Amino acid sequence: MKTKNKTLNKTSRMNFITYGVVIAAYAILQTMVSTGSISSTLKGMLVPICAYVVMAVSLNLTVGVLGELSLGHAGFMSVGAFTGVTAAIALQDAIPSGTLRLCIGMVVGAIFAAIAGVLIGIPVLRLKGDYLAIVTLAFGEIIKSIINNLYVGVDANGMQLSFLSDKTNLAEGGKLIIAGPMGIGGITKLSTFTIGFVLVMITLVIVFNLVNSRTGRAIKAIRDNRIAAESVGINVTKYRLMAFVISAALAGAAGTLFAENYSTVVANKFDFNTSILVLVFVVLGGLGNMLGSIIAAAALTILPEALRQFADYRMLIYAIVLILVMLITNNPTLKGYLNIIKQKLVRKKPVAQTAEGGADNGK
Amino acid sequence: MAFLNFLISGISLGSIYAIIALGYTMVYGIAKMLNFAHGDVIMVGAYICFYAVARYKLPPLVGILAAMAVCTVLGIIVERLAYKPLRAAPSLAVLITAIGVSYFLQNSALLLWSSNPKVFPSVTGMGKISLFGGQLTVSLVTVVTIITCIVIMIALTWFTGNTKMGKAMRACSEDKGAAQLMGINVNSTISMTFAIGSGLAAIAGVLLCSAYPTLVPTTGSMPGIKAFTAAVFGGIGSIPGAMLGGILLGVIEIFAKAYISTQVSDAIVFAVLIVVLLVKPAGLLGKQVREKV
């Protein structure tokens, strides 16, 4: 008890470090933006980075904390992007404040993505392992197909929906918002770096509080041993669905943020490759490690731009970097060295040793 | 007659999916990894054949053999360099590496062969076969595809059932540790699996591009994903399952395109997959593993 009062336990310390890093990064970047010492490409990437960070953290909840591989996370981003932007456009006349409209859009996006999460989660979570992964992939593709063929318009009579072809028959003065494969065009750019930062912070608060709560411990217990968890009375379906839906809702909000940063958004942007991109962030950052996800998402979003001087070779270098990082981090010899360094660091601070045992799980 | 026509083109497309799915399923069965780079091996095979036939005017059969040789070697090299060091690593690490390899192959192709679409020359010729007094015409590509698929199925079934290497493969997929104790060289067996899978991918690439003759560096991605679903559909790890899954998937796709809607045919294919997996969680022919407590 005495040690607990003196120093925070390892998890809380890690959480505060994560918050600190995000706030510091925001402060530094914001100062750089206001003093103009930042390149215009990087400035344009700040909002997408925030969106990808939220995506990575939310996917980490599914993959790292819940322990299920999801290959369709971009589908939830897509649902969030389209519903959120539609809401923001529909409210254009009613609410003059852009920030408020964006916030409402993000909430709407999150709600719809959560609904999609429930609908998908109920069948998906009955499966296990690679079969679950392939079904999430399938749902991602289905969402893409549906949105690609969806026409939504708004006129005096309210909202009109049609599928496959434009049969909305809008009244005079009506506006077609989602135009099938053309997606949404003419979006007023509402996203700002500050709102992105706020969304990242909200996501972190939600995820950390969830993971370190009774619910989070139940979810992790299910990940580590489903049968054992079930035998001590944990409602497996409920907690799995809960993690999945929260993850989906956060992805939906990220989708709205992402889409409101561009003037057009099409469903093909959120395809299998985007899901994989986010999964790469999560795995490179470390499963269950939120700070790792944040750093990986930011670094890997910037990397292709940073490699711009290599022109055509940049994606090739990106691929090689990806393979090498995976090979090096999984090399037993190098892992041994890392452990020696870790042990030396731990020996210096004997207090931390008590908390060490639980932290290595799931690696 | 229209129905029969759709059925035949469905089986033909399904045969291509089945050949690709075999590569996925064999690698999964033995190495327990999802080889996401498999779709891009198809693309490489198609490009090699394209250059051999269209540029160097070699006979189509030589082109196919060249594509197979290059892809087989490519498969072995990729396995040695990227996957072998990760044999003991968590499966997600291997998955990400496979994605890295996929990016690598796509972007290498982009640099080597540019993003301009290439019009693939048909390796079978443009002939058509008329049946039932001209009521039913089937293109030669379709027939060749179906026959190739049947030959590959029979050959592979014989190979895994009767040869020493085939038996070693089955033993490895059953229990790697026990197989090693019985004196099976697990590493070379895995290399062999990759070699066969990649060689089959080359054939699939040539057939795919003969039927749909546009060749770009991303040609392999979508058929790759579909074939992967086909492998899961039939029960991943099972060779007859991959064949059944591939053909069913092809037929469903063509029927969905013909009778429902071209735009949402992919969605229908994936929806069928989901329904099948919900009813049979290990795929059509997959082994249901009992969970022991």
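Throughout, protein chains are lettered first and strands after them, A, B, ... in sequence-line order, and every chain is numbered starting at 1. The structure presented is a predicted model; accordingly, all values stated were derived computationally and were not measured.
- By the 4.0 Å N-to-carboxylate-O rule, A/E68 lies too far from A/R223 to be salt-bridged with it.
- Looking at B/A98, neither its backbone nor its side chain comes within 4.5 Å of chain A, counting heavy atoms on both sides.
- Contacts classified as ring pair (Phe, Tyr, Trp, His ring centres under 6.0 Å) and involving residues 260-286 of chain B (residues at least two apart or in different chains) are not found.
- A/K144 meets the salt bridge (Lys or Arg N to Asp or Glu O under 4.0 Å) test with A/E141; sequence neighbours excluded.
- Using a 4.5 Å cut-off between heavy atoms, B/L277 touches chain A through backbone and side chain atoms alike.
- For the set B/A282, B/S265, B/G283, B/S221, the count of heavy-atom pairs under 4.5 angstrom toward chain A peaks at B/A282.
- At a 4.5 Å heavy-atom cutoff, B/L110 makes no contact with chain A through either its backbone or its side chain.
- Looking at A/L69, the atoms closer than 4.5 Å to chain B (heavy atoms on both sides) all sit in the side chain, from C-beta outward.
- Of the listed residues B/A82, B/A88, B/G100, the one with more heavy-atom pairs under 4.5 angstrom with chain A than any other is B/G100.
- Only the side chain of B/S261 comes within less than 4.5 Å of a heavy atom of chain A; its backbone N, CA, C and O stay farther away.
- Using a 4.5 Å cut-off between heavy atoms, A/V63 touches chain B through its side chain atoms alone.
- Aromatic ring orientation, B/Y51 versus B/Y47: parallel (interplanar angle below 30°, classes split at 30° and 60°).
- Only the side chain of A/L71 comes within contact range of chain B, judged by heavy atoms closer than 4.5 Å.
- Rounding to the nearest 0.5 Å gives a distance of 10.0 Å between CE of B/M33 and OG of B/S91.
- Residues B/Y17 and B/F228 keep their aromatic ring centres 6.0 Å or farther apart.
- Contacts of B/M222 with chain A are made by side-chain atoms alone, with heavy-atom separations under 4.5 Å and no backbone atom involved.
- Around the CZ atom of A/F112, the shell of radius 6.0 Å holds no more than 12 heavy atoms that belong to other residues, nucleotides or ligands.
- Heavy-atom distances place the side chain of B/L34, and not its backbone, under 4.5 Å from chain A.
- When each of B/V264, B/D266, B/V269 is checked for heavy-atom pairs under 4.5 Å with chain A, B/V264 comes out on top.
- Each of A/T329, A/I276, A/V325 has some count of heavy-atom pairs under 4.5 Å with chain B, and the biggest count is that of A/I276.
- The greatest number of non-hydrogen atom pairs below 4.5 Å with chain B, out of A/V135, A/N148, A/I134, A/L322, is found for A/I134.
- Heavy atoms closer than 4.5 Å to chain A are found in both the backbone and the side chain of B/I236.
- Residues B/M243 and B/I239 are in side-chain contact: their nearest non-hydrogen atoms beyond the backbone lie under 4.5 Å apart.
- Note on B/R170 versus B/E174: no salt bridge recorded, every NZ/NE/NH1/NH2 to OD/OE distance being 4.0 Å or above.
- Of the listed residues (B/V232, B/I268, B/L105), the one with the most heavy-atom contacts under 4.5 Å to chain A is B/V232.
- Contact annotation for B/L111: only side-chain heavy atoms (C-beta onward) come within less than 4.5 Å of a heavy atom of chain A.
- Only the side chain of A/L137 comes within contact range of chain B, with at least one heavy atom under 4.5 Å from a heavy atom of that chain.
- Residue contact with chain A, scored on non-hydrogen atoms closer than 4.5 Å, involves the backbone and the side chain of B/V101 alike.
- When ring centroids are compared, B/F6 and B/Y259 come within the 6.0 Å threshold.
- A/N60 contributes a side-chain N or O that, together with a main-chain N or O of A/G288, makes up a donor-acceptor pair within less than 3.5 Å.
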